[in-house]
Structures are given as structure tokens and as C-alpha cells.
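To find a chain, count down the sequence lines: A is the first, B the second, and so on, and within it residues start at 1.
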Amino acid sequence: MRLSLILRTAARLLVPLMILFSVFLMLRGHNEAGGGFIGGLVSASAFALYAMAYGTQDARRALYADPRTLMASGVGIALVSALIPLFSGAPFFKGLWTTLPGGVKLGTPILFDIGVYLLVVGMTLVVIYELDDDGLSLFPRDNRPGTTPPSSPAA
Amino acid sequence: MDADLLLILPLVLPLAAAVLALLFRNVPRVQAGINLISMSGVLAVSLGLLAMINEQGIQSFASGGWPAPFGIVLVADYLSVIMLIVSAIIGVAVAVYAIPNIDAERVHFGFYPFMNLLMLGINGSFLTGDLFNLYVWFEVMLISSFVLIVLGNTEDQLAGAVKYVMINLVSSLFFLTGAGLVYGTAGTLNMAELALVLNEVESSGLVTIISMMFLISFGIKAALFPLFFWLPASYHTPPAAVSAFFAGLLTKVGVYAMIRVFTLLFTQDIGYTHTTMLMWVAGLTMVTGVLGAAAQNDFRRVLSFHIVSQIGYMIMGLAIYTPLALIGAVFYIIHHIIVKANLFLVSGVAQRLGGSFSLKKLKGLYAHHPGLAILFLIPAFSLAGFPPLSGFWAKLVLAKAGIEAGAYGIVAVAIAVGLFTMFSMTKIWVKAFLPGSSDPDAAENDATERRPMTMGTRLMYVPIAALAGITIMISVFAGPVFDLAERSANELSDSSAYIEAVLGHEESAADPYTRLDLDRRSGGVHAP
């Protein structure tokens with residue numbers, strides 16, 4: 001598949017919006033529709049879109065962290081959110097909340113959602129990047145815009 | 001230590017270890033160390049939990065502070081804690097054995113994280129007091145085992161894994177349907193509350209039908225007749241460390257779940273569920289397993305069929321359903337997990353030294369490796385029920401229970417199957433360990449062509465010797481193990497202690513429905 005100018009331009013606009021939206025979904029999640037899982041999926045699809053527009057090499061670079069590290073830290077953060085109550089004498093997995101000045105509520109369920117978010121992003125991207133390594137012709141191989149790799153026929 | 005902490009740690013330790021192992025995915029040594037620490041930690045915690053149960057009775061913990069019938073509870077009674085300890089022993093043994101046995105590629109693709117996630121699923125299944133939560137732990141276990149069984153991507157593994165995955169998905173479907181029907185009938189999934197409510201259900205026929213759904217689901221997981229064929233088709237394909245872990249533990253989680261639901265929940269129509277269905281299934285499982293083994297020529301396939309046949313003995317104890325028979329079932333599980341995992345570990349060393357898992361190619365191991373031969377004989381004779389090894393005591397208790405209960409047919413089957421087990425173990429002994437097999441295929445593989453003893457192979461001997469030592473301990477100190485099994489059987493025969501430990505109110509035992517009052521319900525809600 002060759003690089004599409006339209007897709008690249010659209011991706012440049014859409015990807016930041018999608019990531020912002022995914023964070024919004026995650027934070028909204030505890031009381032309304034949304035949550036870490038769906039937020040993570042939206043965020044992962046942002047990176048998937050980026051990979052389709054620019055190739056997985058660029059997408060990996062844009063993410064900075066290895067997706068598997070994201071998975072591990074996601075589960076780790078979720079576990080920590082379950083362990084925090086133990087230190088204040090509450091039972092394992094109890095949701096603890098505190099209100100910051102200005103009426104913002106913070107609690108361990110948010111931490112849990114962040115963990116889920118990171119896990120879903122990492123997990124989805126591992127799968128997507130792995131598909132690319134297996135040569136699925138969904139992703140462009142060439143980073144130069146507008147060129148067609150000589151080996152593959154135009155899509 | 002705090003009781004709640006002891007109940008949580010068997011779950012927290014493997015999960016934390018999985019996270020750390022994934023973070024250190026490029027440093028195999030660190031991963032192996034984390035794995036060993038986590039498995040040993042689970043063993044230590046389980047022993048602590050046993051001490052606590054000895055002192056204070058059944059422990060339960062309401063996760064997140066949500067009280068019993070509404071939230072998910074973790075419960076540790078004698079059966080749970082016995083299972084925890086024995087699986088942690090296998091966990092430690094496999095953690096050591098895996099260091100030389102698992103190749104760099106499999107480690108790179110996440111052997112250690114998934115090993116710990118599998119342990120998490122197993123421990124969760126033993127500890128949960130909630131039927132749906134049990135389903136979730138089964139899924140955790142299954143998904144990790146799916147990965148472990150295909151890790152390495154060899155053709156055999158994929159062929160075995162397809163059968164394993166498909167049949168286990170069917171099993172999950174039955175489990176989920178059963179859980180849905182239970183919830184629709186009883187309005188709760190908390191096992192202690194179900195134990196009360198299911199007895200009050202008017203249409204007891206429906207409860208029996210539901211119990212058969214669970215029989216099919218757990219029967220697949222435990223590899224009961226006629227749903228066992230996935231096991232010998234898949235267990236011989238992954239590396240020895242993985243198949244030893246599977247062989248020791250996975251089917252036994254199914255047996256555990258079966259004992260749990262058929263002692264706690266479904267005791268309304270024992271004449272049908274236990275004395276008819278379970279009894280027949282147990283007998284047929286024993287017979288088909290042992291006959292299947294006789295036709296095999298692969299070290300691990302012989303052992304795999306024997307898992308099936310041995311599961312029959314455990315279910316036999318459950319089917320007779322007297323306190324003595326339950327003691328026999330629990331004793332049998334303890335003995336079997338140690339012995340069976342050990343035999344698979346031995347097969348891995350035999351493969352390393354003799355170059356193959358095939359009994360047609362292996363021969364003369366005794367001449368060059370008498371130590372291994374002795375370490376094979378201990379679990380093999382124990383499996384066959386040779387006195388005075390642990391399998392003999394387990395079978396003796398079961399046979400005595402069967403005769404006392406008048407179930408002569410199943411006792412006769414059990415004894416006959418024991419003889420055939422002897423035959424299979426002798427076959428492995430003759431073909432793999434004694435020289436001069438007359439098989440023409442063996443000629444191409446000269447016995448003198450042996451692999452040298454490396455450091456790695458020596459390390460593999462350590463867990464094998466330790467497990468053989470434990471088998472001897474169980475044989476010599478059968479009395480204390482019997483006592484432990486007896487205490488567990490007493491709890492299983494009379495579930496009131498379990499129910500009280502979970503629900504915590506004696507008046508609720510008299511009238512289960514009062515607890516569904518609205519004021520109690522709102523008492524459990526903590527709005528953020």
C-alpha cells in the first residue's frame with residue numbers, strides 16, 4: 001500500500017483529537033458512559049490511524065514507549081490502585097476518594113481506569129504492529145510521501 | 001499476619017510478578033528470579049493460611065468492603081488451602097525446572113509472565129466464593145494456558161492447541177449458561193448463599209438440570225469420560241516444564257470445582273447426581289483412560305492418558321459421597337498432583353538424555369543414569385498404587401470407603417485399573433530404562449549416542465528429587481496428611497461452617513430470604 005496524501009493530512013488533524021477524546025472518555029467513565037477500556041480503544045485507534053498513514057515505524061516512534069511496557073505498567077497501576085486501600089486500613093480494592101480544592105474528586109478508581117487505559121492501548125497496539133510484521137498490506141512501507149514501493153503493485 | 005492479607009497475597013504475588021517479568025522482558029535471568037520468588041512466596045503464604053485456618057477456622061474476605069452476598073468474597077477452607085499449597089509446590093518445582101528447560105525464544109515471547117498469570121488464575125479459582133468469579137478465574141487460567149501451549153509455534157503444538165482451545169471454549173459456554181440459570185433460579189451467585197437458596201427452590205428438577213450443566217463444563221476441564229480426548233491430544237506437545245505444570249494442576253482445578261459445587265451446592269438429589277451420574281462417569285473415566293494409555297508409545301502420551309484414568313479415582317470419592325470417600329478424594333488429589341507433575345518432569349530429562357519422548361527410541365537410560373531411573377520409579381510406583389507409597393494409601397482409603405458404602409462395582413473397577421496402571425508404568429520402565437528393546441525402530445537410534453550431562457540437566461534433577469522426596473514424605477507420614485484430608489472432608493460434608501464464615505450471621509442460616517431485605521441491601525452500599 002502506498003502513502004496517501006489525503007490520509008496523511010487527515011491523520012495529522014485527527015490523531016491529536018482522537019487522543020484528547022480518549023482521555024476525555026476515560027475521565028468521564030466513572031459516573032457516565034465511558035471508561036478506561038473504551039478510552040484505551042479510541043487512543044489505540046488513533047495510533048492505528050497514524051500507522052496506516054505513515055507506517056508502523058513512524059507510529060512506534062510517535063508512541064515513544066514500547067506497547068508491551070504500556071501493558072505491564074497498566075496492569076501494575078491497576079494493581080497499585082487496589083493495594084492503596086491496604087495502607088489506610090481499608091479492604092483490598094476498596095475505592096478511596098478525596099476532594100481537591102475546587103471540587104475535583106480524585107480516587108483510586110481513576111487510577112484503576114488509567115491502568116486499564118494503558119493496558120488496552122498497549123495490548124491493541126502489540127496486535128496491530130504484529131500484524132504489520134506479518135506483512136499485512138494495510139500499512140505503508142515507505143516513509144517518503146507519494147512514492148510507491150517498486151515491489152508491490154499499487155493498491 | 002493479617003488474615004485478609006493472607007487471602008489476597010496468593011493473587012497479588014503472581015500478578016505483580018507477571019507485571020515485573022513483562023517489564024524485565026529482555027533480561028531472562030531477572031525474570032527467572034522473579035518467577036521463583038513469586039512461586040515461593042505463594043507457597044509461604046499458603047502455609048501461613050493453613051496455620052491460620054488451623055487456629056481460627058474458615059477465613060473469608062469481602063473484596064472492596066462489599067459485604068458477602070453482594071460483593072465478591074474470597075474464602076479459604078481446608079480444601080482451598082490444601083489445593084493452594086500443593087499447586088504452589090508444583091509452581092516452585094517448575095520455576096526451577098524451567099530455567100534449563102525453556103529456551104530463549106519462549107522466554108522472549110513471555111513464558112514467565114504467562115506462567116504467573118496461569119498461577120493467578122489457578123489460585124483465584126481455589127479462593128473465590130462466588131460462582132461467576134470462578135468463571136472469570138477459569139478464563140484467566142484458560143487464556144494463559146492457551147498462550148503457554150502454543151508458545152514456540154511448532155506444528156504439533158498448534159494441532160494440539162486447536163483441540164484444547166475449542167473444547168475449552170465449549171466448556172466455558174456451558175459454565176456461563178449454568179451460571180446464568182443459577183442466577184435466574186436463585187437470584188444470587190455467592191456460593192454460600194446459593195447453598196441455602198438452592199435447597200429452597202421448588203422445582204428441584206431444574207436444579208438437577210443445572211447441576212448437569214456444571215458436570216459437563218467441569219467434566220471437560222477435568223477430562224472426564226467422554227469429554228477427555230483433548231487432553232492426550234495436547235499435553236504432550238509443549239516443553240516438559242509446561243506440560244508438567246498443566247498435568248499437575250489444570251485438570252485438578254476442574255476436579256476442585258466439581259468437588260466444590262457437588263458438595264456445597266448440588267446435594268438435593270444425591271441418588272441421581274452422585275450415585276448414578278458421577279459414579280458411572282468415574283468408572284468409565286478410569287477404564288477408558290487406562291486402556292487408552294496401553295496403546296500409546298510416547299512417554300508423555302502414556303502419562304496423559306493416565307491423568308484421565310486417575311481423575312476417575314478422585315471423582316469416585318466424590319460419587320460415593322461419604323466422609324471417608326471425600327477424605328480419599330482429597331488425599332488422592334494431594335498425592336496425584338505431586339506424582340503426576342513429577343513424572344512429566346522426569347520425561348523431560350529422559351528426552352534430554354535419550355534424545356526423544358518416544359518409547360520406541362528411548363532405551364537403556366538405566367545403565368547410564370541410574371539416578372534418573374530411581375527417581376522415575378518412586379512416582380511411577382506411587383501412581384500405580386504400590387505399597388507403601390502415597391498412591392497405595394489413597395487407593396486404600398477409596399476402596400475402603402467404597403466397600404463400606406456398598407459400591408462394590410466401582411471398587412472392583414478401581415483395583416483392576418490399578419493393575420493396568422502398573423502395566424503402563426512397567427512398559428515405560430522396560431522400554432525407556434532397560435537396555436535391548438526388541439523394537440526394530442530402535443535400531444536406528446543407537447543407545448550409545450547419548451547427550452552429555454550438562455549443568456542444566458543437573459538443575460532439572462533438583463525439583464524431580466524434591467518432588468520424589470515429598471511423595472516419600474506423604475507415604476511415610478500418611479497419618480498427618482490423612483488428618484488434613486479428614487478435616488477438609490468434614491468441612492465438605494457439613495457446609496454450615498463455610499456458610500457461616502462467608503455470610504457471618506447465624507440467623508441468616510435459618511431464613512435465607514431475610515437477608516435480601518432492602519435495609520440490608522442499602523447497608524452494603526458505599527457511594528463514593
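- Side chains of B/Phe111 and B/Gln31 form no contact here, defined as non-hydrogen atoms less than 4.5 Å apart.
- In this structure, the side chain of A/Arg68 does not engage the main chain of A/Gly122 through any donor-acceptor pair within 3.5 Å.
- Below 4.5 Å, heavy atoms of chain A meet no heavy atom from residues 124-143 of chain B.
- Other residues, nucleotides and ligands place no more than 12 heavy atoms under 6.0 Å from the CZ atom of A/Phe37.
- The neighbour count for A/Leu17 CG, taken as heavy atoms of other residues, nucleotides or ligands under 6.0 Å away, is above 12.
- Among residues two or more places apart in sequence or in another chain, the ring-ring contact (aromatic ring centres under 6.0 Å, His included) test is passed with B/Tyr112 by none.
- There is no side-chain donor-acceptor pair under 3.5 Å between B/Ser38 and B/Asn35.
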Could you go step by step and tell me if B/Leu49 and B/Leu9 meet the side-chain contact (heavy atoms from CB on, under 4.5 Å) rule? CA-CA 10 Å; B/Leu49 202 51; B/Leu9 278 177; over 6 Å; no
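- Taking the six-membered ring for Trp and thresholds of 30 and 60 degrees, A/Phe92 and B/Phe61 have ring planes inclined between 30 and 60 degrees apart.
- When the shell of 6.0 Å around CD of B/Glu155 is examined, it contains 12 or fewer heavy atoms from other residues, nucleotides or ligands.
- Considering every non-hydrogen atom in both A/Val121 and A/Gly40, the closest pair reads CG2-O, 3.5 Å.
- Closest of all the heavy-atom pairs between A/Ala53 and A/Arg8 is O-CG, 3.4 Å.
- Residues from residues 77-84 of chain A that place a non-hydrogen atom less than 4.5 Å from a non-hydrogen atom of chain B comprise A/Leu79, A/Leu83, given in numerical order.
- Within residues 12-29 of chain B, the residues having any heavy atom closer than 4.5 Å to a heavy atom of chain A are B/Val12, B/Leu15, B/Ala16, B/Val19, B/Leu22, B/Leu23, B/Arg25, listed by residue number.
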